[in-house]
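Remember, it's 1-based here, ligands and their atoms both numbered in the order they're listed.
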Amino acid sequence: MDWPDRFQALDNWLAQHQALWREKPFTRLRCDWEVDYPELAQWLRQHSLADAEAAHTGLVLESAPEPLPELLATARQLSAVPDWSQPLTQSYPEVLERHIPGRKWQQIQAFATATHKQWLQPGQHVLDWCAGKGHLGRLLAWQRDLPLTCLEHDPVLVDAGNQLSRNLQLSAQHHCQDVLQPAAWRYLQPHHSVVALHACGDLHTTLLQQVVTRGCRQLALSPCCYNRTQAEYYQPLSDLARQSRLQLSREDLALPLQATVTAGQRDRRLRDQSMAWRLGFDLWQREVRGMDDYLPTPSRPQSALQQSFADFCQDLARHHQLDLPPPADWPALEQAGWKRLTEVRNLELLRAVFRRPLEIWLLLDRLLWLQQSGYRVQLGQFCAESLSPRNLLLVAER
Ligand SMILES: C[S@@+](CC[C@H](N)C(=O)[O-])C[C@H]1O[C@@H](n2cnc3c(N)ncnc32)[C@H](O)[C@@H]1O
C-alpha cells in the first residue's frame with residue numbers, strides 16, 4: 001500500500017471540502033454550505049429522526065442529491081484499509097476473561113489475533129500502556145509465554161490487575177504510573193512489544209514518541225479520543241502532515257468519535273431528549289436576545305432530564321446569567337427543539353461522510369511518522385465497527 005500517496009490524496013480532499021465538515025449544524029440555524037447545495041439541504045431537512053438514525057447505522061444515502069453520493073464514494077475509497085478481523089473461535093481459561101465486559105473481551109481477543117498475524121515474531125516482553133487491569137497484555141503474555149509490564153495510573157485498576165496476573169502465575173508487574181511523566185518512560189525497553197488499546201490523545205502520542213526514542217522493537221496501537229490533548233490545535237507528527245494546510249482544532253478532532261452505533265436504546269433516547277431540549281433553549285435565547293449566536297451549554301447529569309423542559313431551560317439561562325422572559329408557549333418551544341434536532345441529525349449526515357477519512361488521516365500521520373523513524377508499519381481494521389467504532393490498528397516493527 002502506498003501510504004504517503006493515500007495521505008496526500010486524503011489531505012487534498014479534506015482540505016478542499018473543509019466547508020462541509022467544519023461547521024456543526026447543532027450550533028447553526030443554517031449552515032453556509034446550504035447556500036451552495038440547496039437541493040441537498042432541502043432533501044436532508046425533510047427526513048425524520050428515525051431516517052437519520054438509520055442512515056447513521058448504514059441506510060443507503062446514494063439516492064441523496066449530489067454532492068453526497070459522490071463524496072460518499074470518494075470517502076469509502078480513501079478510507080479503505082485491510083480487514084484483519086476474524087471469527088473468534090478460540091477458548092481461553094476463565095480467569096483471562098474474568099471481570100471483562102463481553103464487548104471489551106471480544107475487542108481484546110480481536111486485537112490479540114490481529115497482532116499475532118502481523119508481527120513476524122513477538123518481542124521478548126509485553127508492555128501494556130494505559131493498561132487498565134491489563135486484560136490485553138495478560139492475554140498476549142499468556143498466549144506467548146512472555147513476561148508482562150502494565151502501566152496504569154489508577155491504583156484500583158493496578159491492584160486488580162496484579163491480582164488477576166497472580167492468579168495466572170504470570171511473570172507480571174503492574175506499575176502505578178502517569179504515562180505522561182518521564183518517570184514512566186524508563187519502563188519502555190528495546191526488547192518490548194508494546195500494546196495500547198484505546199489510549200486517548202496525548203496518552204498515545206506520548207507513547208509513539210517514547211517508543212521511537214527508546215527504540216522498542218514492536219508496537220500495536222489502537223488510538224482513541226484524538227481530541228484529548230493539551231494543545232489547542234493538532235500537532236502533526238510526520239513531515240508530510242506538517243506540510244498540510246489543515247489546521248485541526250479540538251472540535252475537529254472530535255469528529256471521528258461521533259459514531260453512535262454502540263449506544264443502547266435507552267441511552268439514545270436520553271441523548272436525543274437532552275439535545276432536543278438544548279436546541280429548544282437555543283431557539284429561545286436567540287429569539288429573546290435578538291442575536292443569532294449559539295451559547296455553549298454545560299453537560300448536565302441525566303437527572304436534569306427529569307425536571308420539566310421549562311426548568312431545564314431556565315437552569316441553562318441561569319448558567320449564562322441571563323434573565324430571559326418566558327416564551328409564550330413552553331410546549332411549542334419544546335416541539336420546535338425536537339424539530340430542530342431532526343433537522344440537525346439529518347444535516348449531520350453530510351459531516352459524517354468525513355468522519356472515517358479524517359480518522360484515517362490521523363492514523364496515517366502516526367504511520368508515516370513511525371515509517372520515517374525506521375519502522376515497518378501496517379494499518380488495518382482489527383474488529384467490526386459494530387464491536388467498536390475505534391477499530392483501527394497500527395502495527396509497527398523496528
Ligand atoms: C480507555 S481506557 C483503556 C484501558 C485498556 N487499555 C482497555 O482497553 O481496556 C484508558 C486507560 O488509561 C488510563 N489512563 C488515563 N490517563 C492515564 C495516565 N496519565 N497515565 C496512565 N494511565 C492513564 C485510564 O485509567 C484507563 O484505564
Side-chain angles (χ1 to χ4, degrees), residues 85 88 92 95-115 126-143 148-165 168 170 172-188 192-211 214 216 218-231 250 253-254 256-257 259 262-263 359 362 366 381-385 387-395:
S85 61
L88 304 172
Y92 297 96
V95 60
L96 270 170
E97 58 177 297
R98 200 176 290 167
H99 302 319
I100 317 182
R103 188 184 281 280
K104 181 53 108 181
W105 174 232
Q106 287 178 45
Q107 291 168 18
I108 286 172
Q109 290 177 78
F111 188 112
T113 308
T115 49
V126 178
L127 185 139
D128 193 342
W129 182 264
C130 295
K133 293 180 189 168
H135 297 304
L136 170 65
R138 195 159 33 250
L139 173 59
L140 292 167
W142 175 83
Q143 278 179 329
L148 167 69
T149 298
C150 291
L151 303 181
E152 163 61 49
H153 76 158
D154 180 337
V156 175
L157 300 179
V158 172
D159 284 351
N162 246 320
Q163 187 58 48
L164 288 166
S165 294
L168 270 172
L170 285 180
Q173 296 203 305
H174 293 251
H175 298 288
C176 194
Q177 288 287 329
D178 176 353
V179 299
L180 297 176
Q181 298 305 318
W185 305 341
R186 68 196 148 103
Y187 288 102
L188 295 169
H192 282 177
S193 296
V194 183
V195 294
L197 172 57
H198 297 162
C200 300
D202 286 343
L203 301 177
H204 75 254
T205 49
T206 304
L207 171 63
L208 285 162
Q209 273 149 348
Q210 291 310 314
V211 157
R214 319 278 304 182
C216 298
Q218 293 172 320
L219 168 71
L221 161 68
S222 176
C224 192
C225 304
Y226 308 94
N227 56 335
R228 296 225 183 145
T229 63
Q230 282 293 320
R250 279 200 211 105
L253 293 172
L257 314 171
T262 52
E359 184 166 24
L362 291 165
R366 285 144 183 76
Q381 189 175 303
F382 71 95
C383 68
E385 203 188 342
L387 185 55
S388 169
R390 298 285 73 68
N391 63 352
L392 293 169
L393 180 63
L394 276 180
V395 181

**Message:** Suppose we screen for side-chain contact (heavy atoms from CB on, under 4.5 Å). Which residues come up paired with R228, at least two apart in sequence or across chains?
**Reply:** C200, C225
**Request:** Dump the intermediate steps for salt bridge (Lys or Arg N to Asp or Glu O under 4.0 Å) on E359 and R390, then the final yes or no.
**Result:** CA-CA 9 Å; E359 184 166 24; R390 298 285 73 68; 3.0 Å; yes
**Request:** From the options D202, L203, T206, select the one residue that forms a side chain to side chain contact (heavy atoms under 4.5 Å, CB included) with V179.
**Result:** L203
**Asked** Is there a donor-acceptor contact under 3.5 Å linking the side chains of H204 and R366?
**Response** yes
**Asked** Can you tell me if R138 uses its side chain to pair, donor with acceptor, with the backbone of E97 under 3.5 Å?
**Response** no
**Proximal protein residues to ligand 1, non-hydrogen atoms under 4.0 angstrom** = K104, C130, A131, G132, E152, H153, L157, Q177, D178, V179, L197, H198, L203
**Plane angle bin for Y92 and W142 - parallel if under 30°, tilted between 30 and 60°, otherwise perpendicular** = perpendicular
